[in-house]
Amino acid sequence: MAELVVTMTLRPLVAMLRDKASSYLLDQYNVMEGMEKQHMILKRRLPIILDVITDAEEQATANREGAKAWLQELKRVAYEANEVFDEFKYEALRREARKNGHYKRLGFDVIKLFPTHNRVVFRQRMGSKLCRILEDINVLIAEMHDFGLRQTLFVSNQLRQTPVSKEWRQTDYVIIDPQEIASRSRHEDKKNIVGKLLGEASNADLAVVPIVGMGGLGKTTLAQLIYNEPEIQKHFQLQLWVCVSDTFDVNSVAKSIVEASPKKNDDTDKPALDRLQKLVSGQRYLLVLDDVWNREVHKWERLKVCLQHGGTGSAVLTTTRDKQVAEIMGADRTYNLNVLKDNFIKEIIVDRAFSSENEKPPELLEMVGEIVKRCHGSPLAATALGSVLRTKTSVEEWKAVSSRSSICTDETGILPILKLSYNDLPAHMKQCFAFCAIFPKDYKINVEKLIQLWIANGFILEQEEYSLETVGKHIFSELASRSFFLDIKEMKGDMEYCFRTTCKIHDLMHDIAMSVMGKECVVAIKEPSQIEWLSDTARHLFLSCEETEGILNDALERKSPAIQTLICDSPIRISLKHLSKYNNLHALKLCLQTESFLLKPKHLHHLRYLDLSESSIKALPEHISILYNLQVLDLSNCRYLERLLMQMKYMTSLCHLYTHGCPELKSMPPGLENLTKLQTLTCFVAGVPGPDCSDVGELHGLNIGGQLELRQVENVEKAEAIVANLGNKKDLSQLTLRWTKVSDSKVLDKFEPHGGLQVLKIYSYGGECIGMLQNMVEIHLFNCKRLRFLFRCSSIFTFPKLKILMLEDLFRFERWWEIDERQEEQRIFPVLEKLFISNCGKLVALPEAPLLQGPCGEGRYTLVRSAFPALKVLEMEDLESFQRWDGVEETQGQHILFPQLEELLVKDCPQLIDLPEAPLLQEPCSEGGYRLARSAFPALKLEKLSVQKCPKLVSLPEAPKLSVLEIEDGKQEIFHYVDRYLPSLTNLTLRLEHTETTSEVECTSIVLVESKEKWNQKSPLTVMKLRCCNSFFGEGALEPWDYFVHLGELVINRCDVLVHWPEKAFQSLLSLRRLEITNCKNLTGYAEALEPSASGSSRPLPGLEYLDLRYCLSLVEMFNVSASLKSMDIRSCPKLEFIYGKQQGMPELIEGSSSNEAIMPAAVSELSSSPMNHFCPCLEDLRLSDCGSLPAVLNLPPSLKTIFIESCSSIQVLSCQLGGLQKPEVTASLSRRPGPEPAGTAAREHLLPPHLESLVIQYCAGMLGRTLCLPAPLTGLHIIGNSGLTSLECLSGEHPPSLDMLDLQRCSTLAFLPNEPQIYRSLCFLVITGCPAIKKLPTCLQQRLGSIDRYKRLDARYEVTAFKPKTWKKIPRLVLERRRAAQKARERQQAMQV
């Protein structure tokens, strides 16, 4: 498709030039004075060229080299001419700003900002540029005649911005539900693959299932169906989805997988593979790797090594077009996806080509069969062809499409059909879609930002009757309706800016866009190779890789591309260079991790779009106000931003200003009423009235739309009228009103916004009620402490649109509305889906519920009440007075119904006695038919039930599909209701009320005897968290632990009957990966007596990977932990003497609690001589805190990466055994430092694990003696409160470590630090305090002090050396100046005394 590169983008480019040459601004400010003749000639020449472009494109497509060369030259000239007219436009805007007084505000800065804008100089410079352009145009016209290019009448229609509409054509992009057709057409495929994945539940090895098929068959859609299948979601504890596409960089893929997890922010400083391994460890996970192309076996093996640390039954599902890729990843489970059956292909084409059943001409329906054959079973081809046919209304047009579309085969794929779909677009739409090549594959595109980028680059031409944004939305809808965009979703953002629409592009459509744009679009998501990654023809850049600024600086040093769009999706931390080379920018996105703006405004005159969201800047330079072309300024979530531009009123092109998420912003700049084009202002901060800030009244004449937050409402004068005006802005869809503190107010008493306002959020309002909000879709009320009732009304009313209601911290809220009359016959909240009520201390009941009919069998009905017939999520928290489920006390005892409820959370409702009383209703049976059952949730949809701190609640409802149950601070009686949920539960949390003693009668099983006989299958439970649940352990324990065969996480808290390690139970939990035991005060740890067959070398919990023990005050010894253990965290176990069991080789020599240092070396020697394996050979993380009886930490495995030891006063030795029978040398010091031994400290050197990355030793005074040798991988070292350590050294013969963090505090004997430059090269955190023996810092550390940027704290005696390297020569002079200043001070003091 190389021949299409010019064809698809030239027409809009020349049309854009034509419009710029005719702009009224050029005449209004006389910027082309002296160039009028050339201007008129150019305006006449451009239509001539536009008339022949169609013929030139056709000849270029036919491989006529002359036409191709002509079009290439035309493109170059058109780009240059556009830039010239951009300069003319900027000069016009500059003169307008000068006329309005901007120069006076800028003062002397004008000289450096506009050094060449003398009118004579400008005319001379621009005149020569315009003459060159005109000469080039004349040459092109002469060549046009030589090539015989013909004029066409087709051009005028192609240039129209709004395509001709057909009477039966629907322009909305939501026409069919592709997932609905896919779920039917791929049902068998989905069933087969789901069976494969679930069948691996007991497989300890990682299962890889590749889905193989040609492009466009629906592999990704099938993977989505599998991913969202309820059985899959219930089976896997963790689900991850990553699109891999062309680049399979192992670290990048690992990082993407971690970022796809909710825990993505953990350990961000660690390598991606380590983060991935930690993420999946112990989890039964499903990972989807979409669109894999990698054939390099070693890359997949590197990634697989980390993935294999997941729990039993983990699986990777991949999609690929390459059978060899499938063989590399998982040949034995490969699933070959067949083409779609013709009946489904026909259904897709018909649904795409026609808008409704009544508008399907029979003569066109007859032709569908022929079109089906062309699709070769590809749903994407069918979708593309159907979308093309939607714009065709005659048989002739359909025949033309059918004859033009190449047959889709395995060899050619569906690209010929997709090319046809692209070629059918109007010219301006081609350019808009081709621009999307700037985004990486599978990138989630913000539609609002995409349209703004189109406008910034001039792809959308101005029209009198429509705004540019309106035309942009129409273009997007049209492209979406033609299937160029997919996965179009209305997303909920953060709390301050809620709604945004996102979309993606199919990877094959992305290939089309890339082939059109060629080298004009550059996407770098990893560090690009240095060989010509950025060509001189590049115009649109997307960078998302490490050290983006360095890559840019290096590339621009060699090249000078005319970059129009630069999107940096990763943080910028250092300065950008070659600033003048950014002078062609139209759109710029940077995330600055600096306090200041890095570019110079004088080089950014053409900038239309500036996105600095989530930057660390405190303020923008005032010179930004000379960006008179700027249309979009995004400063959202700049947490440190303190002020906006005072001269912003001169930026009259500004249309969209995003200021939400800027908590330090205290006011708005004056003169905002001058920004007459402003359409979006997400946050207005009302400052104290004065000349330096805007008043909210300035928004009165502006057509603000979308979402607006008004902060500091208390500063607004005439607030009631101002707020009423905001509420009536017809384009405003969301309004947030935020007071700083609660005070008397009646601003909202009569507030009645217009019907288009959908979302209202109110913070800290001080009134007693709010006006009627009957048209709202969402209402959020926070901290309105004086609000007594929600709404004031005089008659029966309803909220026909309200779907979300959130009430939080309404301390006086006691009634739902002001009127007292019953609302029985009226449904107040007919469509409410989510209700959240929190911290409303006076609320007694939910609103009164109207009577409804519910089926109760044999055609009869029973009367039930339901205030919320559509409610899906109900959360009630901290309601100290709440008692009833209905607002009228007389109805208490009648049946209350929640027919659609899926999630119920009840927390801290101390007066609540029971959940809704269940009526006798029909409900479907699994065998078919119906049965009568009592259920307050008759739709059987309740899947999550959480009851917390409701002490009077002693019963639970029927909920056959319940998967998550949480009970906190419940009565022991509620324990007996749990068994009814066990067949469906995957997550169980029981935190029951604590009792001092538990009788054997109370120690009953949650698995009832009759249930055990009835259920043959094992429990699906994967997570169990228990507190005060004594029936599970002790002598009377009845729980059959082998029933919980899938249990992966177990938490035990405050179990008083737990004395010995329950090794019988532990040996049954084959899938357990994570164990946490806390506050079990009677647990000693001595193993209970086992039968001979159960003893010996077998270890309990064979798959355990994470062990966490805390506050077990009687614990003495550990059980024999599994060899698979990766993390051990033991805290506040003061009697613990061993961190491993006796069977794991602890010598008798150290089995006492003695910590006598004299026997430590012998103990280590004795231990090392015993023939034993490493203690926990997979252990990577060891944390010990407040374990005062531990005498030593010996025989540590080499696998350790993190050691954290705190307040373990008895530990004397820290030792790693490097080989099976190798003895660590502990009896002789390897220190080269002369001098006597510190008092009471034996000569010893500690052997640290060779892979250690982080070492923290705190408040272990006698633990470290003499020398500590640092292993090469170490990056973090923290030693606090030590009195034995004398020196830190590198291991002899090994590469020195490179520390990121060095923290040494109160180390009284530490005297020597290593003087190796490599150790301090990466240092960003440094603390050295309270170390009197360190007289002087090593020279190489002194030289690094000025470059430490994150945190630095040193004792005063070291600070004199804390200069940046460049200032070392100045030290003598600075010292001399300080001495002179001190001498003068002394002389003045003596003079005063005289």
Side-chain angles (χ1 to χ4, degrees), residues 90 93-94 96-110 112-114 452 456 582 585 587-590 592 594-688 690-696 698-699 702 704 708-709 711-712:
Y90 181 82
L93 293 171
R94 184 190 68 82
E96 181 180 49
R98 181 177 184 177
K99 176 183 175 183
N100 293 332
H102 195 197
Y103 272 33
K104 293 180 182 178
R105 297 287 185 180
L106 292 172
F108 287 109
D109 289 341
V110 169
K112 63 180 181 181
L113 292 174
F114 305 113
Q452 291 169 357
Y582 293 95
L585 275 177
L588 173 65
K589 172 179 169 54
L590 296 175
L592 300 175
T594 59
E595 293 186 1
S596 58
F597 187 62
L598 298 179
L599 298 178
K600 293 187 180 299
K602 68 179 182 180
H603 299 309
L604 302 173
H605 290 173
H606 306 317
L607 198 64
R608 272 88 168 161
Y609 176 101
L610 178 57
D611 183 350
L612 299 175
S613 56
E614 300 187 17
S615 292
S616 300
I617 54 175
K618 290 187 176 181
L620 287 172
E622 204 60 41
H623 300 162
I624 290 284
S625 61
I626 71 169
L627 303 184
Y628 303 127
N629 276 311
L630 197 65
Q631 300 166 348
V632 178
L633 178 57
D634 190 345
L635 300 171
S636 61
N637 298 310
C638 292
R639 299 293 175 184
Y640 307 105
L641 186 69
E642 297 174 350
R643 59 182 175 85
L644 298 177
L645 303 168
M646 293 301 292
Q647 311 305 322
M648 185 175 281
K649 64 182 179 181
Y650 298 106
M651 303 170 71
T652 53
S653 298
L654 202 60
C655 300
H656 307 281
L657 177 58
Y658 300 90
T659 51
H660 60 278
C662 302
E664 299 301 316
L665 201 58
K666 302 305 179 187
S667 64
M668 305 299 284
L672 289 186
E673 74 271 14
N674 296 323
L675 305 181
T676 55
K677 295 182 180 179
L678 198 63
Q679 303 169 35
T680 302
L681 176 59
T682 56
C683 182
F684 187 102
V685 184
V688 177
D692 292 333
C693 69
S694 261
D695 181 76
V696 191
E698 296 184 26
L699 302 182
L702 302 181
I704 301 294
L708 170 63
E709 177 184 357
R711 277 172 37 196
Q712 300 178 182

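If you read the sequence from its start, that first residue is 1, and numbering goes on from there. The figures that follow rest on heavy atoms only: side chains count, while hydrogens, waters and symmetry mates do not.
- We find the CG-NZ distance between L610 and K589 to be 10.5 Å, quoted to the nearest 0.5 Å.
- Note that the CD atom of E622 and the CG atom of L644 stand 10.0 Å from one another [nearest 0.5 Å].
- A 4.5 Å side-chain heavy-atom check between F684 and I704 finds every atom pair outside the cut-off.
- The backbone N or O of A686 sits less than 3.5 Å from a side-chain atom of Q712, completing a donor-acceptor pair.
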Check step by step if side chain to side chain contact (heavy atoms under 4.5 Å, CB included) holds for Q647 and H102. CA-CA 8 Å; Q647 311 305 322; H102 195 197; 3.8 Å; yes
Verdict with reasoning, L599 to L588, per side chain to side chain contact (heavy atoms under 4.5 Å, CB included): CA-CA 11 Å; L599 298 178; L588 173 65; 3.4 Å; yes
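- The minimum heavy-atom distance between R639 and E664, with the atom names listed, is O-CG, 3.4 Å.
- Contact detail for C693 and G687: the closest heavy-atom pair is SG-C, 4.2 Å.
- Dense packing is recorded around NZ of K666, with more than 12 heavy atoms of other residues, nucleotides or ligands lying under 6.0 Å away.
- Interatomic distance, CG of L607 versus OG of S653, reported as 11.5 Å (0.5 Å rounding).
- Ring orientation note: the planes of Y658 and H656 are close to parallel, at an angle under 30° on the 30°/60° scale.
- Under the 3.5 Å distance criterion, the side-chain polar atoms of E709 are left unmatched by any main-chain donor or acceptor of H660.
- A distance of 6.0 Å separates OG1 of T652 from CG of L93, quoted to the nearest 0.5 Å.
- When all heavy atoms of S694 and P670 are compared, the closest pair comes out as OG-CA, 3.5 Å.
- Looking at heavy atoms from C-beta onward, P669 lies out of side-chain contact with L645 at the 4.5 angstrom threshold.
- T682 places a side-chain N or O within donor-acceptor distance of the main-chain N or O of T659, the cut-off being under 3.5 Å.
- Counting heavy atoms from C-beta outward, S625 and M648 have side chains that stay 4.5 Å or more apart.
- Among all heavy-atom pairs drawn from A456 and Y609, the shortest one is CB-CB, 3.8 Å.
- K602 places none of its side-chain heavy atoms less than 4.5 Å from the side chain of H623.
- L620 has its side chain within reach of L635: a pair of non-hydrogen atoms, C-beta onward, lies under 4.5 Å apart.
- Residues M668 and L681 are in side-chain contact: their nearest non-hydrogen atoms beyond the backbone lie under 4.5 Å apart.
- With a 4.5 Å cut-off on side-chain heavy atoms, R608 and N629 count as touching.
- I626 is listed as a side-chain neighbour of H605, based on a closest heavy-atom distance under 4.5 Å.
- I624 and M651 make their closest contact through O-CE, 3.9 Å (heavy atoms, listed as atom of the first residue, atom of the second, distance).
- Going from atom CG of L654 over to atom NZ of K649 covers 15.0 Å, rounded to the nearest 0.5 Å.
- The minimum heavy-atom distance linking T676 with L702 is given by the pair CA-CD2, 3.9 Å.
- The distance from atom SG of C655 to atom CG of L630, rounded to the nearest 0.5 Å, is 9.5 Å.
- Ring centers of Y650 and Y628: at least 6.0 Å apart, outside the cut-off.
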